[in-house]
Each structure stands twice: as structure tokens, then as C-alpha cells.
There are 2 protein chains.
Amino acid sequence: MDVRTLCLGVLALGESSGYEIKKTFEQSFHHFFGASYGSIYPALAELERAGWVEVEAVEQSKRPDKKVYRMTRAGRLALEERLAAEAPRHRVRSEFLVLMYFAHLLPPNRPAAVLDAMIERMTHTLEVEFSTCDAGDAELTPGQRFALGYGRAVYTAALRYMHEQRDDFLAEVAATDAAGPGWPDGGLAVAGE
Amino acid sequence: MDVRTLCLGVLALGESSGYEIKKTFEQSFHHFFGASYGSIYPALAELERAGWVEVEAVEQSKRPDKKVYRMTRAGRLALEERLAAEAPRHRVRSEFLVLMYFAHLLPPNRPAAVLDAMIERMTHTLEVEFSTCDAGDAELTPGQRFALGYGRAVYTAALRYMHEQRDDFLAEVAATDAAGPGWPDGGLAVAGE
DNA sequence: GGGCCCATGTAATTAGTTACATGATTAT
DNA sequence: ATAATCATGTAACTAATTACATGGGCCC
């Protein structure tokens, strides 16, 4: 699935500008789909070329003009077709877990710093992204509630695991460091970058 | 982080061929990092060019030759440098959750099929990938145990959530379908692809 | 005066997948 | 016989990120 389809999906929920779509990605899709301006704006242009969305330039007082996109009937059908044909993959790419996996090759304080930063980040996400509609979720579609609840369940479990394991894990890594060929190892070649 | 670094990481755990590295990716990294032959073999060639690994061609009886890669001292330093400089990102791209999010736009039986397939897939992963070293994890580094435990925690939580929500979610989606503009909508334009 | 929010876009680069190409052996 | 496993690699393509480019308004 590409960003084009996702943008069309956002537009299925209501008209929006490129900038606002990016906000939606950050607020609602963050835990399962990411996209930058560099992919959103070209995607929107292509959707227009295909006739799946229409644009209206909205002048704003003391703001740059806004281009508000609205899905067409053809766009709706195209979206349904795309979704129906979509293979439901589920990929994670986590440099965080790679770093934990190779924790014994990191400089002494890095594993703790990386782990704590992730704990903080996920705690924040849990508070901000997943609590917004905690009880009053009447406005959401079943799918939105499901995806949100999934994220909440997973983040909660991840945080619980990280809290539980943190101290033991860090101690064991330190012990492994001491046993193996430690970090300041040749010493010099590491400074730059 | 690119596949090059990960291959070097695998080689830090012991010598290996491209084919075996792929197996390692599938067995150990599957839940947080994926890579295909199309990226592994070129990566290995680059690592060799850089002097970070050495190759030995191993003849085999009744098998194609195997190229066994071994990390060099320079490779070890390069790996540590890379890992030290690495920003610990954590990205998920899930067409599965996109499909659930837009479940009301799917043909009637698709949400259930997709959800059940994911439940089955994750159940299988939990049994195969995460149980192998359930108690006897003496051989593993702390990092390996941490990453494995993380995956197990997350998959377990995801499965619990999906089991808990399944029936209600599916019923609500069906109800939304009935209310809104349903799937066999124009009817025709959907057959192909 | 510095930094963030609004707002849109392009170009260069990076990084990866999929399909192709080959071919013997082993298990069902 | 048919599929899976072992084994390596390339070429075409897809898709996205990052950095660049621009500029006013608002808040501290």
C-alpha cells in the first residue's frame, strides 16, 4: 500500500489539505503508518490527475493559500477497489530493537539511554495519541476504535515489558561487556560523526 | 539502518553465508527487521569491498558452492561505530491495521477474513519464533533475550486484544455497512485485478 | 530575536522489493 | 511429478526520505 491510497482514505473521512493530512497521519496513523510531506504532496497531485479528488483553493487571511481536497465518486470506488485488492502485510522496522539486540556492542551508557528514551517516547504516545478518546469514542468508526485499541494494547504491553526488564537487562549487558572485548577497545577510530 | 549493518551484525555472532543470513533474519529478526536476498547479497559484496568481512568458498557435495563470510577486525570496529551513531527509530507499517481502520469500506466478509488470518499468523509466530528458547535461554545474549521477550510481549498482547474484540468489532462493522453506502454499490467496477 | 506554526512544493538520494536467471537434491 | 530446500546473484522497478526552497504570522 502506498501513501496515495492512504491519502485517499483520509479524504474519505472528510475534505482536507495536504498539511492537515500530515497532521492526521501524525495523530491517527502514527503507530501503523508514516508519511512525510515529500510523499503526501506528490500523492495528492497524482490523485487529482487520476480524477479521484477535486481541489479548491481557499484563500486565508494572513496565511498562505490552502488547497482543500475533496474525494470524488470515482475516488470512492477506486479506494474500495484498492483496499479490496490489498494484501494485509504487517512490517516492523525497529532500529531500537536492533540496538537492544546488539546492546553488548554499544558504549557503556548507550543501552540505558536508548531504552529510557523509548520508554519516555512510548509513554508520551500512550498519553497523547491513545487517550484522546478514552471513553467518549462515539464519533469514531468501529475500525478507528479497533486500530486505536490495538495500538494502545501493544504500547501498554511494550511499556510494561520494558519497565519489568530494564534493570536486570542493563545489569546483564554491563556484565557481558566486562567479560567480552569492551567498547573503548582500540579507542581512537570512533570519535567523528 | 540499512541491511549492510544488520548483515555485519549477524556476522558478529558467527560466520555465515548469504543464504544462512536470510534464515537468521527470518528466525530471529522477523518481528523487527526484514530483508530479502535482493538486498542481502549486494550488502555482503559491499561489506567485502570495504574490508569488513572475508569470504571463503566452501565446496559442498551435491550442493552449490557456499560462500562463507567472516567478520574482520575492521568490520567489528565499523559495526560498533555504526551502532553507536544509529538513531533508534521504531517504525511500523501495517496494511493490516489500515484495512481494519477502513473496514467499513471493504466487501462484507473481508474484515473477518483479514482479522482471522492475522490471528492465525501471529499465533503461529508466537509458537514458532518466540517459544523456541522458552526456558533454556542460556545460550542467548541479554540483548537477544530482550528483543525476543519484547516480541513475545507485544504479540501476546496483540493476540489477546484481537480475540477480545473480534466479535463485537465485526458486528459493528456489519452494522455500519448496512447504514452507510454499502459495498455492492455500483457493483461492476470491482471485478478485475 | 528566536523558534514554532501555518502552508506548498521539488530534487536528489537512499533503500528496498520483486521478478528474473540457474540448477541439483530431497522429500511427499 | 511436484514442491521444497539449498545456493547465488542481477536488473528493473517502486517507494519513500531528506534536504532544499520560500515566506508571513504569532508567541515569548
Side-chain angles (χ1 to χ4, degrees), chain A residues 1-8 10 15-27 29-30 32-49 53 55-69 82 85-87 89-95 98, chain B residues 1-8 10 15-27 29-30 32-49 53 55-69 82 85-87 89-95 98:
Chain A
M1 184 168 321
D2 52 22
V3 176
R4 267 202 315 297
T5 310
L6 251 282
C7 286
L8 200 51
V10 174
E15 58 175 45
S16 195
S17 66
Y19 189 83
E20 288 161 356
I21 286 174
K22 177 76 175 351
K23 288 272 116 88
T24 305
F25 270 89
E26 279 160 14
Q27 283 157 25
F29 300 150
H30 167 247
F32 64 91
F33 207 99
S36 60
Y37 289 126
S39 57
I40 291 172
Y41 284 119
L44 255 13
E46 284 172 57
L47 291 177
E48 201 201 342
R49 245 177 283 144
V53 299
V55 207
E56 185 195 353
V58 176
E59 284 180 62
Q60 297 187 118
S61 58
K62 308 181 177 180
R63 286 267 168 238
D65 275 16
K66 192 195 276 199
K67 288 172 83 172
V68 174
Y69 291 85
R82 290 285 190 102
E86 189 66 38
R89 292 194 293 188
H90 181 84
R91 288 159 297 172
V92 180
R93 165 136 313 186
S94 175
E95 274 89 38
V98 173
Chain B
M1 184 169 317
D2 53 24
V3 175
R4 266 200 317 296
T5 310
L6 252 281
C7 286
L8 201 51
V10 174
E15 59 176 45
S16 193
S17 67
Y19 188 83
E20 288 161 355
I21 286 173
K22 177 78 177 349
K23 287 272 116 85
T24 304
F25 270 89
E26 278 159 16
Q27 282 157 24
F29 300 151
H30 166 247
F32 64 91
F33 207 98
S36 59
Y37 290 125
S39 58
I40 290 172
Y41 284 118
L44 255 13
E46 285 172 57
L47 291 177
E48 201 202 340
R49 245 177 284 145
V53 299
V55 206
E56 185 196 351
V58 176
E59 281 179 64
Q60 299 187 118
S61 58
K62 308 181 178 183
R63 287 271 167 234
D65 276 15
K66 193 196 277 200
K67 289 171 83 172
V68 174
Y69 291 86
R82 290 284 189 102
E86 190 66 39
R89 292 194 294 187
H90 181 85
R91 289 159 295 173
V92 180
R93 166 137 313 186
S94 175
E95 274 89 39
V98 172

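Note that this is a predicted model, so its numbers are computed, not measured. Side-chain atoms are counted along with the backbone in the values below, which use heavy atoms only and exclude waters and symmetry mates. Quick note on labels: first sequence line is chain A, next is B, and so on, each numbered from 1.
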message: Between C1' on D/dA16 and NZ on A/Lys22, what's the gap in Å once rounded to a whole number?
response: 13 Å

message: Just the rounded figure in Å: distance from P of D/dA7 to CD of B/Glu59.
response: 14 Å

Identify all pairs in which a protein N or O lies below 3.5 Å from an N or O of nucleotides 22-26 of chain D, and state each distance.
unit_1	atom_1	unit_2	atom_2	d
D/dG24	N2	A/Arg63	NH1	3.3

message: Looking at C/dT8, I'd like to know if its phosphate oxygens (OP1 or OP2) sit under 4.0 Å from a side-chain N or O belonging to A/Tyr19.
response: no

- request: Would you mind classifying the nucleic acid contact of B/Tyr69 as base, sugar-phosphate or nothing, using non-hydrogen atoms under 4.0 angstrom?
  value: sugar-phosphate

message: For a quick check of understanding: with a heavy-atom distance under 4.0 Å over all strands, which category does A/Arg93 fall into, base, sugar-phosphate or nothing?
response: sugar-phosphate

query: Taking the inter-plane angle between the rings of B/Phe29 and B/Phe25 on a 0 to 90° scale, is it parallel (under 30°), tilted (30 to 60°) or perpendicular (over 60°)?
result: perpendicular

message: Go nucleotide by nucleotide along DNA chain D from the 5' end; which of B/Lys67 and B/Arg91 gets its closest nucleotide reached first?
response: B/Lys67

query: Rounded to whole angstroms, how far apart are CE on A/Met1 and C1' on D/dT14?
result: 15 Å

Length of the line joining B/Tyr41:OH and D/dT10:P, which is rounded to integer Å: 11 Å

message: Under the salt bridge (Lys or Arg N to Asp or Glu O under 4.0 Å) definition, can you give me all pairs with a residue in residues 32-48 of chain B, not counting sequence neighbours?
response: B/Arg4-B/Glu46

statement: The residue among A/Glu56, A/Glu59, A/Glu20 that forms salt bridge (charged side-chain N to carboxylate O under 4.0 Å, His left out) with A/Lys66 is A/Glu20

- line: From CG of B/Leu44 across to P of D/dG9 the rounded distance in Å is 8 Å

Please list each protein N or O that sits under 3.5 Å from an N or O in nucleotides 18-20 of chain C, with the distance.
unit_1	atom_1	unit_2	atom_2	d
C/dT18	OP1	A/Arg89	NH1	3.1

message: Between C1' on C/dC6 and NZ on A/Lys23, what's the gap in Å once rounded to a whole number?
response: 8 Å

